[in-house]
Amino acid sequence: MRYIEWAFLFLLSGLGIGLANYVGFHVSFGESLPGILILLAIAFAGVIVSRLVPLRLPIVAYVSIIGLLTASPLSPCREFVIEAAGKINFTAPLTMVGAYAGMSISDQVKTFAKQGWKMILIGIFVMTGTFVMSAIIAQTTLSLTGAI
């Protein structure tokens with residue numbers, strides 16, 4: 001994918017994150033903008049580094065490393081990065097990720113349906129099991145720490 005296409009997708013993502021942060025968490029777009037720009041700059045830097053470094057790691061790994069370095073105590077811009085990114089609610093970017101994931105699998109629903117009712121049943125069990133076990137772990141941890 002060309003860098004212009006990546007930039008367009010990042011722009012679209014930034015607008016979506018800002019909208020989700022405004023609608024869901026009542027944080028104005030102007031207040032969210034520095035955090036959005038930082039997150040998108042880190043992501044774009046991860047894309048560029050993944051193309052330049054001969055080590056074949058997923059782009060997510062490079063983005064994570066760059067994000068950790070910009071927020072680490074060694075970084076001179078640490079305070080600004082943490083403060084600006086802190087205004088972006090964690091679930092605002094997840095809204096965009098969920099939308100992208102839904103769009104990417106929408107053309108594969110017929111393939112999934114061809115697998116038969118057994119795959120749907122397995123999917124239901126996996127999702128239910130994951131939810132129930134997450135709830136049990138959370139309940140146990142919160143009870144042991146005295147939070148509830």
Side-chain angles (χ1 to χ4, degrees), residues 1-51 53 57-113 115 119-148:
M1 193 179 284
R2 286 181 243 131
Y3 293 116
I4 294 172
E5 293 170 351
W6 278 100
F8 175 74
L9 290 174
F10 282 132
L11 176 67
L12 188 64
S13 298
L15 292 173
I17 291 168
L19 181 65
N21 210 31
Y22 175 71
V23 171
F25 307 102
H26 309 292
V27 179
S28 71
F29 190 76
E31 194 176 343
S32 300
L33 189 59
I36 292 170
L37 292 176
I38 288 171
L39 293 177
L40 294 179
I42 291 170
F44 198 68
V47 170
I48 292 171
V49 169
S50 73
R51 304 280 192 232
V53 175
L57 291 175
I59 293 174
V60 171
Y62 288 113
V63 171
S64 298
I65 292 167
I66 293 169
L68 287 170
L69 290 175
T70 57
S72 74
L74 302 174
S75 175
C77 59
R78 174 184 187 264
E79 295 298 324
F80 177 71
V81 169
I82 291 173
E83 181 184 335
K87 293 185 177 144
I88 307 295
N89 193 293
F90 179 69
T91 55
L94 289 181
T95 304
M96 294 302 297
V97 171
Y100 292 148
M103 289 187 301
S104 71
I105 65 167
S106 65
D107 63 340
Q108 299 173 2
V109 172
K110 290 180 183 176
T111 306
F112 179 74
Q115 300 294 320
M119 284 300 284
I120 294 172
L121 186 64
I122 290 171
I124 290 171
F125 282 137
V126 167
M127 287 186 274
T128 304
T130 302
F131 176 76
V132 169
M133 284 308 295
S134 296
I136 290 171
I137 291 169
Q139 181 71 28
T140 304
T141 304
L142 292 173
S143 295
L144 289 174
T145 58
I148 55 171

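The shown structure was predicted, so the numbers you read here are calculated from the model rather than taken from an experiment. Each residue takes its place number in the sequence, starting with 1. Any value given below was found using the heavy atoms of this structure, including those in side chains, with hydrogens, waters and symmetry copies removed.
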*Asks:* Mind checking what makes side-chain contact (heavy atoms from CB on, under 4.5 Å) contact with L33, not counting sequence neighbours?
*Replies:*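 With neighbours one apart ignored, the set is F29, L37.
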
*Asks:* Might you confirm whether atom CD1 of I4 has over 12 heavy atoms from other residues, nucleotides or ligands at distances under 6.0 Å?
*Replies:*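 No, because the 6.0 Å sphere around CD1 of I4 holds 12 heavy atoms or fewer from other groups.
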
*Asks:* Which atom pair, heavy atoms only, marks the closest approach of A85 to L39?
*Replies:*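 That would be CB-CD2, 4.4 Å.
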
*Asks:* Report the residues that fulfil ring-ring contact (aromatic ring centres under 6.0 Å, His included) with F10, sequence neighbours left out, ordered by chain and then residue number.
*Replies:*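 Once residues adjacent in sequence are excluded, the partners of F10 under the ring-ring contact (aromatic ring centres under 6.0 Å, His included) criterion are W6, F44.
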
*Asks:* How would you list, by chain and number, every residue that makes a side-chain contact (heavy atoms from CB on, under 4.5 Å) with I65, sequence neighbours excluded?
*Replies:*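 For I65, the residues satisfying side-chain contact (heavy atoms from CB on, under 4.5 Å) (neighbours in sequence not counted) are L69.
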
*Asks:* Under the side chain to side chain donor-acceptor pair (under 3.5 Å) test, which residues partner T91, sequence neighbours left out?
*Replies:*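 T91 satisfies side chain to side chain donor-acceptor pair (under 3.5 Å) with N89 only.
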
*Asks:* Look up atom OG1 in T141 and atom CD1 in I136, then write down how far apart they are to the nearest 0.5 Å.
*Replies:*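 Interatomic distance, T141 OG1 to I136 CD1, rounded to 0.5 Å: 11.5 Å.
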
*Asks:* Could you pull out the closest heavy-atom pair between P34 and G30, with the gap in Å?
*Replies:*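 Taking every non-hydrogen atom into account, CD-O, 3.5 Å.
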
*Asks:* Can you measure from CD1 (I88) to CD1 (I36) and round to the nearest 0.5 angstrom?
*Replies:*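 Those atoms lie 4.5 Å apart.
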
*Asks:* Could you work out, with side-chain contact (heavy atoms from CB on, under 4.5 Å) as the rule, every residue matching A138, not counting sequence neighbours?
*Replies:*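 A138 satisfies side-chain contact (heavy atoms from CB on, under 4.5 Å) with no residue once adjacent residues are dropped.
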
*Asks:* Please collect all side chain to side chain donor-acceptor pair (under 3.5 Å) contacts where either partner lies in residues 15-33, sequence neighbours excluded, each pair once.
*Replies:*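 For residues 15-33, and leaving out neighbouring residues, the side chain to side chain donor-acceptor pair (under 3.5 Å) pairs sorted by first residue read N21-S32.
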
*Asks:* Ignoring hydrogens and angles, write down the donor-acceptor pairs under 3.5 Å from the side chains of residues 126-134, residues two or more places apart or on other chains.
*Replies:*
{"unit_1": "T128", "atom_1": "OG1", "unit_2": "I124", "atom_2": "O", "d": "2.7"}
{"unit_1": "T130", "atom_1": "OG1", "unit_2": "V126", "atom_2": "O", "d": "2.7"}
{"unit_1": "S134", "atom_1": "OG", "unit_2": "T130", "atom_2": "O", "d": "2.8"}

*Asks:* Could you name each residue pair satisfying side chain to side chain donor-acceptor pair (under 3.5 Å) that touches residues 69-85, not counting sequence neighbours?
*Replies:*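 Residue pairs passing side chain to side chain donor-acceptor pair (under 3.5 Å), neighbours aside: none found.
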
*Asks:* Can you list the residues that meet the side chain to side chain donor-acceptor pair (under 3.5 Å) rule with S13, with sequence neighbours excluded?
*Replies:*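 S13 satisfies side chain to side chain donor-acceptor pair (under 3.5 Å) with Y100 once adjacent residues are dropped.
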
*Asks:* Excluding sequence neighbours, so at least two apart, what forms side-chain contact (heavy atoms from CB on, under 4.5 Å) with V49?
*Replies:*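 Partners of V49 under the side-chain contact (heavy atoms from CB on, under 4.5 Å) test: V53, Y62, I66.
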
*Asks:* How long is the straight-line distance from CG of L11 back to CG of L40, given to the nearest 0.5 Å?
*Replies:*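 If I round to the nearest 0.5 Å, the distance is 8.5 Å.
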
*Asks:* Q139 and I148: which non-hydrogen atoms are nearest, and at how many Å?
*Replies:*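 That would be NE2-CD1, 3.3 Å.
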
